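Counting starts at 1 for both ligands and their atoms, in listed order. Predicted model only: the values in this text are computed from it and were never measured.
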Amino acid sequence: MRFKLIFILVIFQMGVFSCKEKSLFPTAISIIPEPQFMVPGNGFFELDENTSLQYDEGFEASAEFLKGFVEDGSGIDLKDGSGNKQISFEYDSTLEEEAYKLEVSETQISIRASDSRGATYAVQSLRQLMPVELENGSYLKSIIPVASVSIADKPRFTYRGMHLDVGRHMFSVDFIKAYIDALAMLKFNRFHWHLTEDQGWRIEIKKYPKLNKIASYRKETLIGHYSDQPHQFDSTPYGGFYTQDEIREIVNYASDRQITIIPEIEMPGHSQAVIAAYPELGCTGETVDVATKWGVFEHIYCTKEETFIFLEDVLDEVIDLFPSRYIHIGGDEAPKKNWKECQDCQARIAGEGLEDEHELQSYFISRMEAYLNSKGRQIIGWDEILEGGLAPNATVMSWRGQRGGIEAARMGHQVIMTPTSHCYFDYYQAENENEPLAIGGFLPLKKVYEFEPIPSDLEKDRHRFVIGAQGNVWTEYMPTEDQVEYMVFPRILALSEVLWSEQKKDYPEFVKKTKFFHKRLEALGINYADHLHQLEGKIIQTDDRALFEIKAELEGARIRYTLNGEEPSRASTIYTQPLEIDNDITIRAAVFDDSNEQIGSVFKQSISRHKGFLKRPTLNVQPHPSYNDGGVEALTNGISGSKDRYGDSEWLGFWGDDLKIFLDLGELKSIKKLSTRFFNGKGQWIYPPKMIIVKTDQENKTLQIEDSEDKIIGIEIDLDSETRYVEISIPNFGMIPSGRQGAGNKAWTFIDEIIIQ
Ligand code: TNX
């Protein structure tokens with residue numbers, strides 16, 4: 001027996017340490033999110049049918065969870081009580097809330113915490129020390145080796161959230177539970193459940209049956225992307241809702257896993273489905289359909305008394321179902337057009353002595369806040385609730401960048417950071433041409449990992465108001481559960497580290513851990529996206545030389561490349577050092593495995609050595625911090641941006657600014673043409689400018705830019721100048737017109753390379 005055991009352990013160690021992909025495995029111990037303090041020990045605890053389980057009062061749920069996990073995973077039944085090989089849960093008053101200590105030695109596993117949350121997080125870490133086969137019951141051996149380790153851990157932020165929009169598309173109760181399981185595994189503690197939308201109302205409300213008869217169903221759904229013209233529909237009714245019984249079941253399920261569900265009931269905007277059911281709650285009384293396409297709609301709740309009675313009744317049922325102290329009441333994207341033309345709303349403005357419709361929105365939110373406060377609850381709202389005056393006790397979810405969050409924190413309000421730039425999991429995650437259709441944008445794993453929820457320009461004494469961050473999963477373009485998983489995993493792993501772990505970031509190490517974690521996701525049957533074999537490149541400038549460096553996500557990968565227009569193959573040159581850019585070049589490269597097979601997709605990059613190449617531009621304003629990954633250098637680095645993802649490091653974004661770009665070519669040059677490109681993503685508030693003005697030492701030319709539906713607006717200006725200086729003026733498009741997504745907000749300008757020939 002003893003011999004057999006040693007043999008098993010040797011095999012196990014070989015599996016981990018001397019596996020073919022040796023460099024891919026950081027160590028036998030790989031936990032996500034990274035614990036604050038962790039020291040690996042020697043040897044293993046051998047968990048088997050002689051292992052006993054003992055716990056102090058208050059730790060029943062976490063101990064039961066562990067027992068269930070081990071039994072379902074391996075058939076091993078942990079015995080109750082103490083023994084000479086035991087797992088113990090002990091109360092330790094010296095530890096902070098949510099903190100835990102986990103010690104694994106050859107003779108015992110000891111967990112210490114001061115509350116059940118800490119104990120649960122200890123179990124989630126312990127789970128990741130066990131073989132992945134336990135995740136699906138396929139572990140057949142009679143001993144589970146658990147690597148010795150000493151961990152002392154606690155979270156960085158108290159709010160660690162993930163969101164899911166079930167309005168645009170709806171998912172089964174089982175899926176919601178699996179989503180909650182995944183959140184729990186990664187030590188998230190808030191699930192923001194977005195339950196109401198223009199396209200569907202998803203919560204049973206007994207007092208208003210038409211919400212579930214009418215508002216929960218739409219007659220059809222848009223096919224393809226919103227920007228594809230003309231719009232086409234699938235002629236298939238879609239809908240449903242969660243019954244109150246199902247909701248209670250899910251709330252309890254989450255609570256057992258230390259997750260609080262924050263329900264969102266949107267107001268005053270994103271409420272067209274309700275108005276379809278109860279037209280009297282809108283301003284016009286018109287009968288409208290539940291929305292069948294995406295975007296922002298003008299039919300919003302009217303501010304007459306009836307609306308407030310309705311919403312208070314709805315919230316009464318909501319707070320009965322959800323014990324959460326926080327209730328999210330939306331507040332985003334509420335066009336004011338109908339309010340401007342509505343007698344009731346205008347009378348409300350006059351009667352309450354309000355300045356305008358923005359103050360009316362603030363009145364709306366504050367009134368609902370007062371109602372919820374009277375029931376012992378607090379509100380969360382999207383950052384638009386700052387406009388027209390913030391409700392006194394509101395927590396702000398900052399999504400249009402971090403500015404709203406900064407403003408709220410300065411006013412002493414709690415803030416949850418969820419900027420589109422780093423937290424929108426509905427954006428593309430890879431350059432791959434065959435990625436599934438997504439709303440737009442570009443948010444690769446690395447960018448999520450690099451997210452810092454505390455803005456660098458927020459004063460130190462305000463930091464404590466930023467209670468955490470959240471990943472948002474808007475489902476316009478995610479009709480299936482598989483696709484939700486694809487968009488969420490593995491980006492959620494990166495976000496879990498942002499929220500939990502305090503130590504210095506180490507992306508290469510994180511990528512190795514992600515690779516390791518993929519196996520657990522596979523065992524769990526989670527459809528994750530695998531882009532770990534993708535490449536990225538950057539220009540390195542040394543004195544008078546320009547070099548191009550290629551890097552793989554996983555360190556040590558074998559990269560082969562071509563410069564002759566051919567696809568890389570097993571015979572192509574192996575990349576060993578940065579490549580000289582002495583001309584216009586196009587590099588194609590890919591990662592090859594040990595047997596010389598290509599893994600991952602081909603990376604392709606063209607670099608243009610034009611007359612402005614690497615001449616550092618000067619700008620009157622800096623790019624918006626959310627869209628400034630490449631810095632202003634990106635304008636002249638010879639590289640154009642993606643053709644459909646504006647969030648990459650080549651596209652610079654400016655929000656509402658009139659732009660002036662100065663270029664010093666260093667000496668007199670004869671130039672014939674200036675070309676550049678603007679991104680056109682009206683659904684994401686991105687508009688090309690209406691004109692561009694170019695001045696050289698000798699010329700002054702203006703080009704009017706025509707509106708179009710093309711995603712990229714390329715412009716070319718013919719010139720005939722001997723010039724050293726070039727000045728480019730790009731007035732911002734202005735306010736987004738009514739009827740468009742983001743109406744009334746300033747438009748974004750996105751520009752990539754400025755090519756001078
Ligand atoms: C903006 S974020 C929205 C959602 C969309 C999302 C798409 C927010 C508060 N509103 O209604 O689904 O963009 O990325």
**Message:** Tell me whether the NZ or CZ atom of Lys711 lies within the 45° cone about the ring axis of Phe679 and under 6.0 Å from its centre.
**Reply:** no
**Prompt:** Heavy atom under 4.0 Å from ligand 1: found in His270's side chain, backbone, both, or neither?
**Reply:** side chain
**Request:** Record the part of Thr420 in heavy-atom contact with ligand 1 below 4.0 Å; permitted values are side chain, backbone, both and neither.
**Result:** neither
**Prompt:** Do any nitrogen or oxygen atoms of Trp474 lie less than 3.5 angstrom from nitrogen or oxygen atoms of ligand 1?
**Reply:** no
**Request:** Kindly identify the option in Trp399, Tyr477, Phe425 whose heavy atom sits closest to atom 13 (O) of ligand 1.
**Result:** Trp399
**Prompt:** Which ligand 1 atoms, with their elements, are less than 4.0 angstrom from a heavy-atom of Ile439?
**Reply:** 7 (C), 14 (O)
**Complete:** Exactly one of Thr307, Ile300, Ile329 clears side chain to side chain contact (heavy atoms under 4.5 Å, CB included) with Phe364, and that residue is Thr307
**Asked** Counting each atom of ligand 1 from 1 as listed, which ones have a heavy atom of Tyr424 under 4.0 Å away?
**Response** 2 (S), 8 (C), 14 (O)
**Message:** Contact between ligand 1 and Arg168 is defined here as a heavy atom of the residue under 4.0 Å from a ligand atom; is it met?
**Reply:** yes
**Asked** Will you find, in the side chains of Glu197 and His270, an N or O donor that is under 3.5 Å from an N or O acceptor?
**Response** yes
**Message:** In the structure I gave you, are the side-chain heavy atoms of Trp399 and Met417 within less than 4.5 Å of one another anywhere?
**Reply:** no
**Asked** Quick one: does Trp339's side chain get under 4.5 Å of Ile349's, heavy atoms only?
**Response** no
**Minimum side-chain heavy-atom gap Arg491-Tyr449 below 4.5 Å** = no
**Prompt:** His163 pairs by side chain to side chain contact (heavy atoms under 4.5 Å, CB included) with which of Phe191, Trp193, Trp474?
**Reply:** Trp474
**Asked** Considering only the protein, which heavy-atom contact is closest to atom 3 (C) of ligand 1, and what is its distance?
**Response** Glu333 OE1, 3.4 Å
**Contact partition for Glu476 relative to ligand 1, non-hydrogen atoms under 4.0 Å** = side chain
**Message:** A side-chain contact here means heavy atoms from C-beta on lying under 4.5 Å apart; do Leu495 and Phe188 qualify?
**Reply:** yes
**Message:** At less than 4.0 angstrom from any non-hydrogen atom of Asp426, what atoms of ligand 1 do you find?
**Reply:** 7 (C), 14 (O)
**Request:** Mind checking whether Trp294 contacts ligand 1 via backbone (N, CA, C, O), side chain (CB onward), both or neither, at a 4.0 Å heavy-atom cut-off?
**Result:** neither
**Item:** Residue, atom name and distance, where the atom is the protein heavy atom closest to atom 9 (C) of ligand 1
**Value:** Asp332 OD2, 3.0 Å
